Every structure is written in C-alpha cells, then in structure tokens.
Amino acid sequence: MNVLLIGSGGREHALAWKLAQSEHLDTLYAAPGNPGIAQHATIAALDTADHRAVIDFVRRNAIGLVVVGPEVPLVAGLADNIRTIGVPVFGPGREAARLEGSKGFTKDLCARVGIPTARYFRVTSRDGAIACLDDFATGADLRCVIKADGLAAGKGVVVAMSRAEAEEAIHALFAEGPAEAVIEEFLEGQEASLFVLSDGTVTASFGSAQDHKRVGDGDTGPNTGGMGAYSPAAVLTPELEEQALGEIVRPTIDALAAAGTPYVGVLYAGLMLTADGPKLIEYNVRFGDPECQVLMARFEGDLLETLLAVAEGRLADLPEPAFADNVALTVVMAANGYPGTPETGGTITGIDAAEATGAIVFQAGTRDDGGKLVAAGGRVLAVTATGESVAEAQAAAYKAVDAIDFPTGFCRRDIGWRAIG
Ligand code: AMP
Ligand code: GLY
C-alpha cells in the first residue's frame with residue numbers, strides 16, 4: 001500500500017521510520033517532509049494547506065492511507081476533505097479536532113459529561129476576565145491559569161501565582177483587541193501524557209510519556225514545544241491509567257460519537273495526577289512531539305497496519321498495541337535562540353557516530369544545504385535511546401548527543417530528572 005504522511009517535524013520522522021518497517025508498505029510519500037524523513041520516504045512537492053492539491057496527489061498516486069502528523073491541517077479540516085473521496089485518514093475531522101483547536105469547546109464538553117478537569121470560566125472581555133479572578137482566591141493568595149482559546153503552539157498558557165501576574169496576563173491577552181480565553185483553577189500534582197487510539201467508537205491505550213516543556217535544566221525558563229521526553233511515565237500507574245481512560249478519555253470519545261463527529265486518530269490527554277485522581281489539563285488531537293519519538297522507539301507492532309485499522313474503524317480486530325518492556329528517552333537539540341528566534345544555518349555533523357552508539361537521531365528543523373545538513377528551525381534533532389531504566393536510557397541518549405557536533409545548538413542535560421530523582 002502507498003501511504004502519504006503529512007508533516008515535517010521530529011514526530012513525523014519517527015512515524016516515517018516506523019511506517020517504513022511495515023511489510024505492507026509499498027511507497028511512503030511525505031509532504032513537506034525534511035532530510036531525515038527523506039531517508040524513508042519520497043518527498044512530495046505539495047502545499048499541504050491546499051487541500052485540493054493534496055486530494056489530487058492522493059488520487060494520482062493510489063494512496064491507501066493518509067497519516068496527518070500535526071494539528072494545524074486537522075483543525076483546518078484536511079481529514080474531512082480527503083475522506084470525501086473515500087480514502088482512509090489517520091486523524092480527526094475538523095469538528096473533533098476542536099478538542100485541541102478550542103480550549104472552551106473542550107472545557108464545555110468536560111462540564112457536560114462530567115469529566116474531571118480544572119474548574120473554569122470562559123471569558124471574552126478584559127472586565128469579565130478580571131471579575132472572575134476572585135473565584136480563584138484563597139485569602140490573600142490567588143493562583144489560576146489563563147489560556148488563550150485557539151491553537152497557540154504551546155505559547156498561549158500563563159500559570160499565574162499571584163493576582164498581579166493574573167492581571168498582567170489578562171491585559172496582555174486583550175491588548176490587541178477582542179480575544180477569547182479560559183481562566184481555570186491551578187491544579188497540583190505530577191503531569192503525565194496518555195496516548196489513546198480511537199477508531200470512532202473503540203479505543204486502545206497507546207502508551208504514556210512525560211514531556212519537559214521548559215527550555216532550561218531543572219524546568220526553568222520559558223515554555224517550548226518540548227525539550228525531551230521519556231516513556232513510559234511511571235507515575236501513571238496501570239490503576240491511574242485505567243481511571244483516566246474510564247473517567248476522561250472514553251466519555252470524550254463517546255460524546256463525540258454521539259454528536260455525529262466521531263474521533264478517528266490518536267488522542268493525547270495531558271493529565272494532572274492530583275490527590276483527587278487524574279484530571280484533564282488539555283487534549284491534543286495528534287501525537288506529541290517529542291513524545292512520538294519515544295513511543296515509536298518502544299512500539300512493537302506494525303504501525304501501518306495499526307494506523308490503517310484506526311482509519312478504517314477496525315480497531316476491535318487488532319490485538320492490544322504492544323510496547324517493549326524498556327524505557328525510551330529523547331533529548332531535543334535546539335538551535336540557539338529557541339524558543340525565541342532560532343539561529344538557522346548552523347552545520348550539524350556526527351549523526352552517523354551518534355547512531356553507531358545504538359541511538360536513533362530523528363530530524364526536525366533541518367535542511368540539506370548542498371549536501372551539508374544545517375539547522376532550519378527551533379527544534380532541530382531528537383536524539384533517542386532505550387535502556388532498562390530511565391537512568392540507562394538517559395546515559396545512552398546523552399552518549400549519542402555528545403557524538404553530535406552542532407556548535408550553534410544546545411540541549412537540556414537533565415531529561416528524565418524527575419523519574420531518576
Ligand atoms: P497546556 O498548553 O494546556 O498543556 O498548558 C501548558 C502547561 O501549563 C501544562 O503542561 C501545565 O504544566 C500547565 N498547566 C496548564 N493548565 C494547568 C492547570 N489547570 N493547573 C496547573 N498547571 C497547568
Ligand atoms: N510536546 C508537547 C506537544 O506535542 O504538544
């Protein structure tokens with residue numbers, strides 16, 4: 001079967017790497033792809049925002065499955081448009097993708113069906129936002145979280161630890177005119193990410209991971225798309241996972257099915273493990289990046305067969321997805337300046353030496369510059385290794401990182417620290 005993979009990040013390189021191992025694969029096409037993805041796929045010169053062009057490509061190349069990596073095309077309705085020609089798509093349609101596209105939509109759905117999540121208000125004006133702050137005050141203390149409504153690539157959230165911080169965030173939010181936001185209760189606990197496949201009605205757990213969102217060691221500095229991850233997240237015990245599936249994920253899938261907008265793809269539930277049990281922080285309608293890299297390093301099944309079964313509503317026919325009984329850990333190497341404006345054009349060498357240690361180097365923001373690999377984005381590489389424990393996987397990943405020469409890049413040196421400590 002021919003497959004078209006949409007996307008160009010480390011997540012998509014990991015998907016391409018795993019799809020290429022399938023015995024059912026004929027040709028893998030990728031758009032827009034990157035030099036790492038090009039090791040496993042034929043790059044298609046396609047503007048993925050032009051849905052008509054994508055559909056033409058799918059027809060002309062006898063594509064049997066389209067796998068959509070990032071959220072932007074899903075929120076824009078690419079999956080719906082491809083489904084109109086009867087080709088299976090791994091990824092939700094526009095309406096179900098609102099789980100990531102609109103925080104307000106998700107919070108209202110949680111409220112309607114009783115899903116545990118932070119108490120919240122939806123606000124559309126500065127005054128309304130300021131007025132609801134009192135509700136999050138305990139005595140002189142005030143803690144709350146302010147979230148812009150739409151897709152924000154990880155930048156739309158402010159965790160405010162005082163009234164002054166909350167007011168500053170609200171002023172910034174409304175500084176450029178009308179806006180929509182959710183203001184919610186601050187939840188305390190450990191965070192974990194749970195991935196669940198859904199074919200519209202049937203779900204299958206697809207592993208867990210823990211991300212490192214802050215740019216600096218010890219979880220300091222600004223938020224990023226993710227500087228590293230490991231899988232599984234041991235804090236999410238089998239009991240807590242079952243609770244999260246039963247109280248959070250399955251009711252969501254059921255509510256979307258009942259509304260006539262079934263969820264087909266992978267649902268990424270960002271969870272806070274509170275003293276009162278798991279609560280939903282947010283949903284993403286795709287694999288995490290770099291969480292996908294660690295999931296793919298551990299997944300033991302045939303990825304093409306699995307994603308096709310999801311896309312065709314046949315998840316019940318498959319055995320439970322199986323993962324290696326080890327730990328995978330990935331370290332993101334980013335270009336200097338990230339998460340601000342990254343320095344592009346810096347040369348990268350040593351990937352072969354890194355992979356000779358047994359690690360896998362997934363590429364994200366890279367570009368082939370006349371045979372030289374150079375940085376072309378914020379997050380550039382995801383150096384991924386496995387081991388019997390988090391400590392072993394961490395040592396293996398940093399051994400590979402140290403084999404890479406990327407003078408204009410940096411990475412965190414402590415990925416996995418919470419699990420090791
Ligand atoms: P989000 O984009 O919704 O995942 O938020 C980004 C990060 O902000 C999360 O990974 C959490 O660390 C933090 N966060 C979001 N919502 C809450 C909350 N209600 N309580 C505490 N921390 C939160
Ligand atoms: N690593 C976080 C995300 O993919 O949203």
Side-chain angles (χ1 to χ4, degrees), residues 7 9-12 14-15 69-72 74-75 97 99-107 110 115-121 135-136 142-161 165-166 169 181-195 208-215 219-231 233 235 265-276 278-296 330-332 334 338-339 362 364 378-379 382 384 412 415 418:
R11 166 182 50 216
E12 287 77 23
L15 292 172
E71 64 277 17
V72 170
L74 294 168
V75 171
L99 285 181
E100 178 164 0
S102 167
K103 308 255 184 218
F105 172 84
T106 299
K107 297 299 284 192
C110 288
I115 289 170
T117 185
R119 201 162 47 77
Y120 74 106
F121 292 93
D135 224 80
F136 299 105
L142 191 151
R143 293 195 299 182
C144 69
V145 183
I146 295 153
K147 303 182 171 183
D149 192 69
L151 289 183
K155 289 181 187 138
V157 175
V158 176
V159 178
M161 302 307 270
E165 277 178 30
V182 165
I183 302 187
E184 67 182 35
E185 167 197 7
F186 175 82
L187 298 174
E188 259 173 294
Q190 282 242 57
E191 281 182 60
S193 303
L194 174 63
F195 297 84
S208 65
Q210 204 162 45
D211 191 9
H212 297 63
K213 289 205 167 94
R214 303 297 192 104
V215 75
D219 290 335
T220 54
N223 264 322
T224 69
M227 294 299 293
Y230 60 90
S231 171
V235 287
V266 62
L267 184 59
Y268 161 168
L271 303 173
M272 190 70 87
L273 306 177
T274 74
D276 303 329
K279 293 191 178 179
L280 180 71
I281 300 175
E282 63 158 0
Y283 276 134
N284 295 309
V285 298
R286 49 164 175 89
F287 283 112
D289 187 345
E291 293 92 325
C292 187
Q293 289 85 316
V294 283
L295 291 179
M296 290 304 127
T330 191
V331 177
V332 169
Y338 180 76
F362 294 117
R379 292 187 295 168
T384 310
R412 277 181 62 163
I415 300 303
R418 275 181 205 280

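Not measured: the values here are computed from a predicted model. Counting starts at 1 for both ligands and their atoms, in listed order.
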Heteroatom distance test (Gly225, ligand 2): nitrogen or oxygen, under 3.5 angstrom: yes
Asp289-ligand 2 polar pair, N/O distance under 3.5 Å: yes
Option with minimal heavy-atom separation from atom 12 (O) of ligand 1, where the choices are Glu191, Glu100, Met272, Arg214: Glu191
Glu188 touching ligand 1 at heavy-atom level, < 4.0 angstrom: no
Lys279 heavy atom under 4.0 Å from ligand 1: no
Ligand 2 versus Arg11: contacting region, heavy-atom distance under 4.0 Å: neither
Ligand 2 versus Phe287: contacting region, heavy-atom distance under 4.0 Å: neither
Which distance, rounded to the nearest 0.5 Å, do you find between the [atom1] of [X] and the [atom2] of [Y]?
X: Ser231; Y: Gln293; atom1: OG; atom2: CD; answer: 11.5 Å
X: Gln190; Y: Leu271; atom1: CD; atom2: CG; answer: 12.0 Å
X: Leu267; Y: Phe195; atom1: CG; atom2: CZ; answer: 9.5 Å

Per-atom contacts, ligand 1 versus Lys147 - under 4.0 Å to a heavy atom: 3 (O), 15 (C), 16 (N)
Arg286 to ligand 2, any heavy atom closer than 4.0 Å: yes
Verdict with supporting geometry, Tyr230 and Gln210, side-chain hydrogen bond (donor to acceptor under 3.5 Å, both in side chains): CA-CA 6 Å; Tyr230 60 90; Gln210 204 162 45; 2.3 Å; yes
Donor-acceptor pair, side chain of Ser193 and main chain of Gly270, under 3.5 angstrom: no
Salt-bridge contact Asp149-Lys107 (side-chain N to carboxylate O under 4.0 Å): no
Residue part near ligand 1, for Val157, under 4.0 Å between non-hydrogen atoms: side chain
